[in-house]
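Values in this document were obtained by computation on a predicted structure and should not be read as measured data. Whatever order the structure lists ligands and atoms in, that order sets their numbers, starting from 1. Nothing fancy with the numbering, it's 1 onward along the sequence.
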Amino acid sequence: MMKLIFLGPPGAVKGTQAGIVSKKLGIHTISTGDMLRAAVKEGTEVGKRAKSFMDAGKLVPDEVIIGIVAERVEKPDCAKGYILDGVPRTIAQAEALESAGIRFDHVISIETEDDVVKERLVGRRVCPECGATYHTVSNPSKVEGKCDACGHELIQRHDDTADTVAHRLEIYHSETEPLKEFYQKRDVLAKVEDEGSIEDINHRIMAVLGL
Ligand code: ADP
Ligand code: ZN
């Protein structure tokens, strides 16, 4: 049973790396960002509450997040372990997980410079149909504005505009970064530099996991 947290600013390679590690370990990645976007799309109660916060680049209230995560990790497909991506994002969320008796084996902090984050997110384009992601400069789709995988029109996420990205970074530094110290004290924190190829970064992560 391996329980991991991937921590890092928006636009770090968190999601990508969590996906790779998930496959290698045969456990699921639980992304609160993805869960919330799905809830917004489906128009559920949680989605309705979360939408305005997300569009503004603000954090969704802790009690909403704690509720959806607590419910998710109880599902049978989490019995072998799981990776949390994008949660906890505040000390209150971390404390809630701890109060629920959940302990983590490793907390991987992906270390990415603010300028890199800005560049990546403002150029990011996503397919609302199949979830594929592109970048206008570093990973453009073959036909401009169209998804390679399914042909759907690509969009820019509401929260990927320059102002909102700057705001999300501020929140990351003030609300989320203190989690590093929180998990450092529990001896589970490992910092991984966001440099080099996806494989390079993955090797560093696997080394931290002792694999
Ligand atoms: P990012 O690209 O910033 O890593 P995510 O896809 O993880 O973003 O999340 C998108 C948005 O969903 C966040 O800006 C925030 O509004 C909300 N959100 C996701 N996870 C959390 C969380 N753990 N706590 C509060 N809000 C969250
Ligand atoms: Zn697509």
- Nearest non-hydrogen protein atom, atom 17 (C) of ligand 1: L36 CD1, 3.6 Å
Solution key, residues 163-170 side-chain donor-acceptor pairs under 3.5 Å, sequence neighbours excluded:
{"residue": "T164", "atom": "OG1", "partner": "T161", "partner atom": "OG1", "Å": "3.0"}
{"residue": "R168", "atom": "NH1", "partner": "D159", "partner atom": "O", "Å": "2.4"}
{"residue": "R168", "atom": "NH1", "partner": "D160", "partner atom": "OD1", "Å": "3.0"}

- atom 24 (N) of ligand 1 - nearest protein heavy atom and its distance: Q93 NE2, 2.9 Å
- Task: Could you name all protein N, O or S atoms found under 2.8 Å from the Zn ion (ligand 2)?
- Result: C127 SG, C130 SG, C147 SG, C150 SG
- Task: Report yes or no: do D62 and T90 form a side-chain donor-acceptor pair below 3.5 Å?
- Result: yes
- Specify the protein heavy atom at minimum distance from atom 13 (C) of ligand 1: its residue, its atom name, and the distance to 0.1 Å. R89 NH2, 3.4 Å
- Taking only heavy atoms of V87 into account, list the atoms of ligand 1 that are under 4.0 Å away from them. 23 (N)
- In short, P140 meets Y134 closest at the heavy-atom pair C-CD2, 4.2 Å
- Proximal atoms of ligand 1 relative to K58 (non-hydrogen, under 4.0 Å): 15 (C), 16 (O)
- Item | H152 atom NE2, over 12 foreign heavy atoms within 6.0 Å | yes
- Counting N and O atoms only, with roles assigned by atom type, does the side chain of H135 sit under 3.5 Å from a partner on the main chain of E119, one being a donor and the other an acceptor? yes
- Write out the residue and atom name of the closest protein heavy atom to atom 20 (N) of ligand 1, then the distance separating them to 0.1 Å. T32 OG1, 2.8 Å
- Result of checking K180, K14, K191 against E111 for salt bridge (Lys or Arg N to Asp or Glu O under 4.0 Å): K180
- Would I110 end up clustered with I5 when hydrophobic side chains under 4.5 Å apart are linked, directly or stepwise? no
- Quick one: does ligand 1 sit under 4.0 Å from the side chain of R124, the backbone, both or neither, non-hydrogen atoms only? side chain
- Item | Closest protein heavy atom (residue, atom, distance) for atom 3 (O) of ligand 1 | R168 NH2, 2.7 Å
- Message: Counting only heavy atoms closer than 4.0 Å, does ligand 1 sit against the backbone of K14, its side chain, both, or neither?
- Response: side chain
- Among all protein non-hydrogen atoms, which one is nearest to atom 10 (C) of ligand 1, and what is the separation to 0.1 Å? R37 NH1, 3.6 Å
- Item | Side chain, backbone, both or neither: the part of R157 lying under 4.0 Å from ligand 1 by heavy atom | side chain
- Query: Are any of the side-chain nitrogens in E63 or R49 under 4.0 Å away from the carboxylate oxygens of its partner?
  - Reply: yes
- Item | Ionic contact status for E175 with R89, cut-off 4.0 Å | no
- Any side-chain heavy-atom pair from R124 and R157 closer than 4.5 angstrom? yes
- Message: Check this for me, if you would: do K51 and D55 make a salt bridge, where the nitrogen-to-carboxylate-oxygen distance has to be below 4.0 angstrom?
- Response: yes
- Would you mind checking which non-hydrogen protein atom is closest to atom 26 (N) of ligand 1, with the distance to 0.1 Å? V60 N, 3.0 Å
- Message: Give me the nearest non-hydrogen protein atom to atom 12 (O) of ligand 1 as residue plus atom name, then the distance to 0.1 Å.
- Response: M54 CE, 3.6 Å
- Message: Please determine whether the number of non-hydrogen atoms from other residues, nucleotides or ligands lying under 6.0 Å from atom NE2 of H173 exceeds 12.
- Response: yes
- Message: Is it the case that over 12 heavy atoms from other parts of the model lie below 6.0 angstrom from the CD1 atom of I198?
- Response: no
- State whether the shortest distance between N or O atoms of P10 and N or O atoms of ligand 1 falls below 3.5 angstrom. no
